[in-house]
Protein chains: 4
Amino acid sequence: MKQNSHIIPSVVKDQRLIAQRRQQIVEGAVRLFIQKGFHKTTTREIAKECGLSIGTMYEYIQTKEDVLYLVCEYIHTQLEQRLRESVSDSDSARESLKKSVKNLFDTVNEMSSLIVLIYQETKSLPKDLMSYVLQKEEEITRIFEKILLRGMEDGTLSVDADSVKLMAHNIMVIGQMWAFRRWALSRYYDIEEYTKRQMSLIFEKLIPRGDEDGNRSASS
Amino acid sequence: MKQNSHIIPSVVKDQRLIAQRRQQIVEGAVRLFIQKGFHKTTTREIAKECGLSIGTMYEYIQTKEDVLYLVCEYIHTQLEQRLRESVSDSDSARESLKKSVKNLFDTVNEMSSLIVLIYQETKSLPKDLMSYVLQKEEEITRIFEKILLRGMEDGTLSVDADSVKLMAHNIMVIGQMWAFRRWALSRYYDIEEYTKRQMSLIFEKLIPRGDEDGNRSASS
Amino acid sequence: MKQNSHIIPSVVKDQRLIAQRRQQIVEGAVRLFIQKGFHKTTTREIAKECGLSIGTMYEYIQTKEDVLYLVCEYIHTQLEQRLRESVSDSDSARESLKKSVKNLFDTVNEMSSLIVLIYQETKSLPKDLMSYVLQKEEEITRIFEKILLRGMEDGTLSVDADSVKLMAHNIMVIGQMWAFRRWALSRYYDIEEYTKRQMSLIFEKLIPRGDEDGNRSASS
Amino acid sequence: MKQNSHIIPSVVKDQRLIAQRRQQIVEGAVRLFIQKGFHKTTTREIAKECGLSIGTMYEYIQTKEDVLYLVCEYIHTQLEQRLRESVSDSDSARESLKKSVKNLFDTVNEMSSLIVLIYQETKSLPKDLMSYVLQKEEEITRIFEKILLRGMEDGTLSVDADSVKLMAHNIMVIGQMWAFRRWALSRYYDIEEYTKRQMSLIFEKLIPRGDEDGNRSASS
DNA sequence: AATGAATGAGTTTTCATTCAT
DNA sequence: TATGAATGAAAACTCATTCAT
């Protein structure tokens, strides 16, 4: 696997300490970024919020943008972890997809503000850091891509080969949409309702004809 | 209909002049916001870009955020106008939806950077201005909602009444997704391919059973 | 003549105002740099000392180093002007040299702290600005070079052609030395004494044999 | 002789260790100060360059300025040592002067950057440390003063008693000038040429009339 | 109406020094 | 003795906004 993360230099040597302090920094920063956004949050506020002196904080990062990068990386890591949990090779691809899409909706619901944060602040990263973050986003999307491909093989999902990438992105976007359109959607749907309707929409298309939900490709 | 736009006070009285100058401001600002984002653009740069002195610019706005609001309003107005153009009451709802979804994809493709701008910078507006912008977004979504409702009535579209809002939002998001995921999608699809695949996905679900594409609901 | 000065961009347009404000800045900065040196003087102190707000000061410069450059340029301009005053083409070269060396000593004496400032802070300039300043120093040295060359032609001074540059530099350094070694020299000599002794040293070598001081190259 | 050096307190007791560590510090610091100057060099950089941890370094100094003092002292010590080497009581004063002036030029040539360093950074020392450094500079100058005085006694040099101090300073300055005006001089002279011309200038004045170069006061 | 010089609070970042281990 | 993480005061510079002309 290729290296997918940027190494932020630190003045401090002790790797364990670096990890711990950066965790502190991220946790403080996330809270503030959600409230006020990246630009309206000052470095001093971040330091205060995470219980470090400004000087100490700067021993673990180089610029304010590094904090944003750490935050994005953290969110993506959380997201990826949650999504991978629900995928098991012992399930059929269709089963796997069902679980993981359901899981996606739940996760987005819970990480709502974090998802919005990623959507809105990624562009504030310097070019090189941004590309790492986008790469990560793609990697996460690939989780669904892989399930779809598996479904093509085991015959439990029907997708046009050329639409696999697109479907994976659709799933991601429809999931995340609950976060960034919540302001409108939550007036009419709660997360269960939302999940149910969107899942049926997604699976309508994906389930092979004559193969009704819950059946194992039956008596054809 | 309720008033859906915020009135930004101006020192200048001549309404025609106000409109003209603000147009200048918006055009300059849009260019810069796309390049560097709202926060990294200075008011001086905006003034320069739109050919006004900083003092003059401030005769037509009150704060930098007003410029962002004007920009958002402008983008939404453009978008709405483009989307309304393709809707005609003489078409069947299904026909209408087809045209307008196609049109949505084209428009998003052309206004790509503007769509992304709205997605990323809306949150920088002060609360009250933001709500105007979100309202506008909802109004635009309602274009599709109305077509869907019309389709329920004229029988050319099949949607569950409770899913109408959701479908309208889905359409909007799948359209805009071409803008904010272009970095990933354009490696595999061009806009035609994207449009074709996404439309078939959307309509699969919406077209009444036994009523294949191109037919007018008939019984044959 | 080649351009020998760096143009520092200013946000302000009015050239007259720029000149006036920069004069203010230089005057304030010189006082502080002499007292505490460039590095230990803060931009806020400079602004305060010259009666401008920090924001206003920065409308006329780009960086703190620009202030140093302006100061160096100012000092050199003062120095050059003073030195050129004493040179007249109607005098013999020897006469001219005598006057201008005397004048150099007087000037260095009066501008003592400024001379020391140049010696000590030039190296704090960024490379490109430094080269302008060194160029200026060379130009000033050329004043003496020219007189020496004239002396070779009119026969009132005897120098080896290849030593002309060197002698010019020697004169400059022996002049400036009164500034940067004053801490030691002034315990034993006052400026008159210093001038008298150093001049006789310089001229001993330069006066053609048999041509005693005060004579006009006359007969014999 | 009076004590001419400042004692910098150290937490460490072992004098041998102190000397050794300070030597390390000076060597590292000199390299950096030459490159970037005193103010632009950080204590961390110094520590790194000399292979000590920042904490350890501070066991041997009290402030950053102490490092500068140590550096100045080191340079002066080097300089003084080199200059004293060439002086022998068995030579005539004139011979001695010749050797030591020649030696001065060579030394300045080799220690060029160090000489410039002293010239430019001495002023950054706190008052009390600076006076030690200036004292040292004077002591070195006294080397030449003594030779001149000896020349007055043994008749091999002709100087006005009141000019002795001045001549000694002149010699020093003309020597050091090769370092701090190298940027201009080296375009026209190399060190040999420079030495030859400056020596003849210095000695012209100093050699008793009728006593040509190389002669021992001959026939009188 | 238009101009653009003036303002200063606020921002990020640095770095000499300390001190617990 | 040696280490290096912690500290926070202080620095340079920016920029939205105002207001006299």
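Predicted model only: the values in this text are computed from it and were never measured. Computed over heavy atoms, backbone and side chain alike; hydrogens, waters and symmetry mates excluded. In what follows, chains are A, B, ... by sequence order, proteins preceding strands, each numbered from 1.
As a whole-Å value, the separation of D:Ile61 CD1 from F:dA2 P is 14 Å. As rounded to whole Å, 16 Å separates atom C1' of F:dC19 from atom CE of B:Met57. One atom, NZ of C:Lys13, and another, P of E:dA5, lie 7 Å apart when rounded to the nearest Å. Protein atom CG of A:Leu32 is 13 Å distant from nucleotide atom P of E:dT11, rounded to whole Å. Going from atom CD of D:Glu65 over to atom P of E:dC15 covers 16 Å, rounded to whole Å. Atom pair B:Gln20:CD and E:dA1:P shows a separation of 12 Å (rounding to whole Å applied). At whole-Å resolution of the value, CG in A:Asp14 and C1' in E:dA20 are 15 Å apart. Computed from coordinates, the D:Lys48 NZ to F:dT3 P distance equals 15 Å when rounded to whole Å.
When distances are taken from the side chain of B:Tyr58 to each of F:dA16, E:dT18, E:dT12, the shortest belongs to F:dA16. Listed nucleotides F:dG8, E:dA6, F:dC13 differ in distance to C:Thr43; the shortest reach to its side chain belongs to F:dC13. Distances were taken from every side-chain heavy atom of D:Thr63 (C-beta onward) to each of E:dT17, E:dA5, F:dT7; the shortest belongs to E:dT17. When distances run from any side-chain atom of C:Ser53 to the nucleotides E:dT3, E:dG8, F:dA2, the shortest one goes to E:dG8. Among the nucleotides E:dT13, F:dA16, F:dA5, the one closest to any side-chain atom of B:Lys64 is F:dA16.
At a threshold of 4.0 angstrom between heavy atoms, the contacts of A:Leu52 with the nucleic acid are absent. Contact annotation for D:Val11: no contact, since no heavy-atom pair falls under 4.0 Å across all strands. Within 4.0 Å (heavy atoms only), D:Thr41 reaches sugar-phosphate atoms of the nucleic acid but no base atom.
Of the side-chain N and O atoms in A:Arg21, none sit less than 4.0 angstrom from OP1 or OP2 of F:dA5. OP1 or OP2 of E:dA6 lies within a sub-4.0 Å distance of a side-chain N or O belonging to C:Tyr60. Residue B:Thr42 places none of its side-chain N or O atoms closer than 4.0 Å to OP1 or OP2 of F:dC15.
Side chain of C:Glu59 to main chain of C:Val12: no donor-acceptor pair is present (N/O by atom type, distance under 3.5 Å, no hydrogens or angles). Not a single donor-acceptor pair under 3.5 Å links the side chain of C:Lys123 to the backbone N or O of D:Glu121. A:Thr122 places no side-chain N or O within 3.5 Å of a backbone atom of A:Tyr119 that could act as its donor or acceptor partner.
Summary of the strand contacts: C:Glu59 and D:Thr56 both lie near DNA chain F, and taking for each the nucleotide with the nearest heavy atom, the more 5' one is attributed to D:Thr56. Along DNA chain E, the nucleotide closest to C:Val12 and the one closest to A:His39 are compared, and the more 5′ of them pairs with C:Val12. The nearest heavy atom of DNA chain E to C:Gly55 and to D:Ile54 marks one nucleotide each, and the one closer to the 5' end goes with C:Gly55.
B:Leu114 approaches B:Ile75 most closely through the heavy-atom pair O-CD1, 3.6 Å. When all heavy atoms of D:Cys50 and D:Gly28 are compared, the pair lying nearest together is CB-CA, 4.2 Å.
Between A:Glu65 and B:Lys40, at least one side-chain nitrogen of the basic residue sits less than 4.0 Å from a carboxylate oxygen of the acidic one, meeting the salt-bridge criterion.
Applying the 3.5 Å distance criterion, the base of E:dT13 shares a donor-acceptor pair with the side chain of A:Arg44.
Across every strand in view, F:dA12 sits in a pair with E:dT11 that passes the Watson-Crick or G-U test at under 3.5 angstrom. Nucleotide F:dT21: paired with E:dA2 (Watson-Crick or G-U wobble, both distances less than 3.5 Å).
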